[in-house]
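Remarks on the structure that follows.
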Protein chains: 2
Amino acid sequence: MLKCNADLDMAFQALGDPTRRAIVERLAAGPASVSDLARPLPMSLPAVMLHLKVLEESGLVRSEKVGRVRTCHIDPKMLSHAERWIGERREMWERNLDRLGAYLDATKPEKEE
Amino acid sequence: MLKCNADLDMAFQALGDPTRRAIVERLAAGPASVSDLARPLPMSLPAVMLHLKVLEESGLVRSEKVGRVRTCHIDPKMLSHAERWIGERREMWERNLDRLGAYLDATKPEKEE
DNA sequence: CTGATACTTAAGTAAATGCTTAAGTGTAAT
DNA sequence: ATTACACTTAAGCATTTACTTAAGTATCAG
């Protein structure tokens with residue numbers, strides 16, 4: 001019954017956590033290793049790994065491991081997707097406001113022609 | 001330690017649920033009563049009320065009650081806020097890609113001058 | 001006044017989240 | 001070979017979420 005946009009579900013839910021947004025914020029400045037990401041965060045490294053897993057499964061972040069260090073970076077596609085979803089709804093709402101305005105303009109004015 | 005953006009937390013978390021996105025989707029087309037919103041949804045009315053409460057506390061939706069019917073509508077401000085947050089991070093990432101490209105262009109080319 | 005409508009509140013439950021500490025597994029440096 | 005480093009997995013736990021049903025509380029219509 002509900003449209004099935006599991007990818008948006010995961011992306012928005014991932015962004016709904018301050019730790020994960022902090023990670024995205026850091027990655028927006030450029031790729032980083034897991035330890036780099038964990039260092040400023042007030043939690044254990046395994047906890048950061050879990051957040052990274054969420055971000056990666058949501059498609060917002062990707063990572064590759066070379067040697068013993070895993071480097072993470074943003075995947076902008078899902079960011080765009082989420083951004084677009086919000087933008088389209090906002091625009092739909094604004095068009096409705098405009099239509100309502102036009103309707104009121106068309107019906108109310110008594111001093112017409 | 002983490003930047004405190006409780007409003008974004010709530011907005012993104014609200015959008016991270018398919019039922020709530022369906023409600024926003026419906027409201028983008030125009031205001032609706034609680035029952036209107038609940039009718040197509042595969043759950044009880046109290047459950048829908050809880051989702052509405054989340055949407056309202058996140059600032060994405062507002063509502064007024066007149067008589068016995070509560071009419072809900074989108075508040076576009078928080079939609080814009082969330083959209084902007086994503087957009088800024090995406091752009092930051094893209095600027096970084098450009099800088100990297102420029103750096104590579106500036107250092108690698110052997111056939112210069 | 002009586003019943004139907006449109007929400008609202010309360011109480012309870014199963015599952016998902018966000019951590020923790022402890023114990024691994026490979027890779028790199030000495 | 002030995003040690004340190006950078007993750008990774010596992011097990012466990014407290015809290016929050018997403019519902020449910022049942023029992024209200026105001027309107028409004030007849």
Side-chain angles (χ1 to χ4, degrees), chain A residues 1-27 31-73, chain B residues 1-27 31-73:
Chain A
M1 186 140 278
L2 291 181
K3 209 182 301 175
C4 186
N5 277 97
D7 49 343
L8 282 178
D9 281 17
M10 291 195 296
F12 282 126
Q13 226 180 343
L15 293 176
D17 178 280
T19 300
R20 287 190 293 259
R21 271 207 319 288
I23 291 176
V24 169
E25 187 108 44
R26 164 64 188 80
L27 289 180
S33 74
V34 174
S35 318
D36 286 345
L37 293 173
R39 196 164 309 114
L41 296 175
M43 68 188 67
S44 68
L45 196 105
V48 175
M49 298 276 310
L50 290 183
H51 285 299
L52 278 173
K53 193 172 166 227
V54 171
L55 285 167
E56 206 153 345
E57 287 176 348
S58 76
L60 289 166
V61 164
R62 291 212 288 143
S63 71
E64 296 87 29
K65 190 167 186 178
V66 34
R68 58 184 168 175
V69 31
R70 174 175 299 278
T71 302
C72 310
H73 59 88
Chain B
M1 186 139 278
L2 290 181
K3 210 182 305 177
C4 187
N5 278 99
D7 50 340
L8 282 177
D9 281 17
M10 290 196 295
F12 282 127
Q13 225 179 347
L15 292 176
D17 177 281
T19 299
R20 287 191 293 258
R21 271 208 317 290
I23 291 177
V24 169
E25 187 108 45
R26 165 64 187 82
L27 289 179
S33 74
V34 174
S35 318
D36 285 346
L37 293 172
R39 196 163 308 113
L41 297 174
M43 68 188 66
S44 68
L45 197 105
V48 175
M49 297 274 312
L50 290 183
H51 284 299
L52 278 172
K53 192 171 166 228
V54 172
L55 284 168
E56 207 153 345
E57 287 177 347
S58 77
L60 289 165
V61 165
R62 292 213 288 142
S63 72
E64 296 88 28
K65 190 167 183 176
V66 33
R68 58 186 168 175
V69 32
R70 174 175 298 279
T71 302
C72 310
H73 58 89

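Quick note on labels: first sequence line is chain A, next is B, and so on, each numbered from 1. Computed from a predicted structure; not experimentally measured.
- Rounded to the nearest 0.5 Å, atoms CD1 (B:I23) and CG (B:L60) are 11.5 Å apart.
- Counting only heavy atoms from C-beta outward, the side chains of B:N5 and A:R21 approach each other to under 4.5 Å.
- Side-chain N/O atoms of A:K65 include none lying less than 4.0 angstrom from OP1 or OP2 on D:dA6.
- Annotation: proximity of residues 10-17 of chain A to DNA chain C (heavy atom, distance under 4.0 Å) is found for A:Q13, A:D17, numbered in ascending order.
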Check your understanding: Would A:F12 and B:Q13 satisfy side-chain contact (heavy atoms from CB on, under 4.5 Å), going step by step from the backbone distance to the final call?
Key -> CA-CA 6 Å; A:F12 282 126; B:Q13 225 179 347; over 6 Å; no
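- Side-chain contact check for A:S63 and A:E56: at least one donor-acceptor pair (N or O, by modelled atom type) lies under 3.5 Å.
- B:M10 CE to B:L15 CG: the interatomic distance, rounded to the nearest 0.5 Å, is 12.0 Å.
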Between the protein and nucleotides 25-27 of chain C, which nitrogen or oxygen pairs come in under 3.5 angstrom?
| residue | atom | partner | partner atom | Å |
| --- | --- | --- | --- | --- |
| C:dT27 | O2 | A:R68 | NH1 | 3.2 |

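- Atom OG of B:S33 is separated from atom NZ of B:K65 by 11.5 Å, given to the nearest 0.5 angstrom.
- Atom-to-atom, CG of A:L41 to P of C:dT20 comes out at 11 Å; the value is rounded to the nearest Å.
- Judged as a side-chain contact (heavy atoms from CB on, under 4.5 Å), and not counting sequence neighbours, the contacts of B:A32 are B:R26, B:L27, B:D36, B:L37.
- Residue A:R62 places its CZ atom among 12 or fewer non-hydrogen atoms of other residues, nucleotides or ligands, all under 6.0 Å distant.
- Spacing between atom CG of A:L52 and atom P of C:dG18 amounts to 13 Å, rounded to whole angstrom units.
- Both B:P46 and B:V54 sit near DNA chain D, but only B:V54 has its closest nucleotide nearer the 5' end.
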Exercise for review: Report the C-alpha separation of A:D7 and A:S58 in whole Å, then their side-chain angles, then the decisive distance to 0.1 Å, and conclude whether the side-chain contact (heavy atoms from CB on, under 4.5 Å) test is met.
Suggested key: CA-CA 6 Å; A:D7 49 343; A:S58 76; over 6 Å; no
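- Distance CE (B:M43) to C1' (D:dT17): 12 Å, rounded to an integer number of Å.
- At whole-Å resolution of the value, CG in A:L45 and C1' in D:dT8 are 9 Å apart.
- Rounded to an integer number of Å, the gap from CE of B:M49 to P of C:dT9 is 7 Å.
- When the nucleotides C:dG18, C:dA6, D:dC19 are ranked by their closest atom to the side chain of B:A47, D:dC19 comes out on top.
- Rounded to a whole Å, the CG atom of B:L50 is 10 Å from the P atom of C:dT9.
- Closest to the side chain of A:S44, from the set C:dT21, D:dT20, D:dT8, is C:dT21.
- Between B:H51 and the phosphate of D:dT17, there is no side-chain N or O to OP1/OP2 separation shorter than 4.0 Å.
- Rounding to whole angstrom units, CZ of residue B:R70 and C1' of D:dA26 are separated by 12 Å.
- If you find the closest nucleotide of DNA chain D to B:R20 and to A:V34, the one lying nearer the 5' end belongs to A:V34.
- Separating the CG atom of A:D9 from the P atom of C:dA16 is a distance of 14 Å, rounded to the nearest angstrom.
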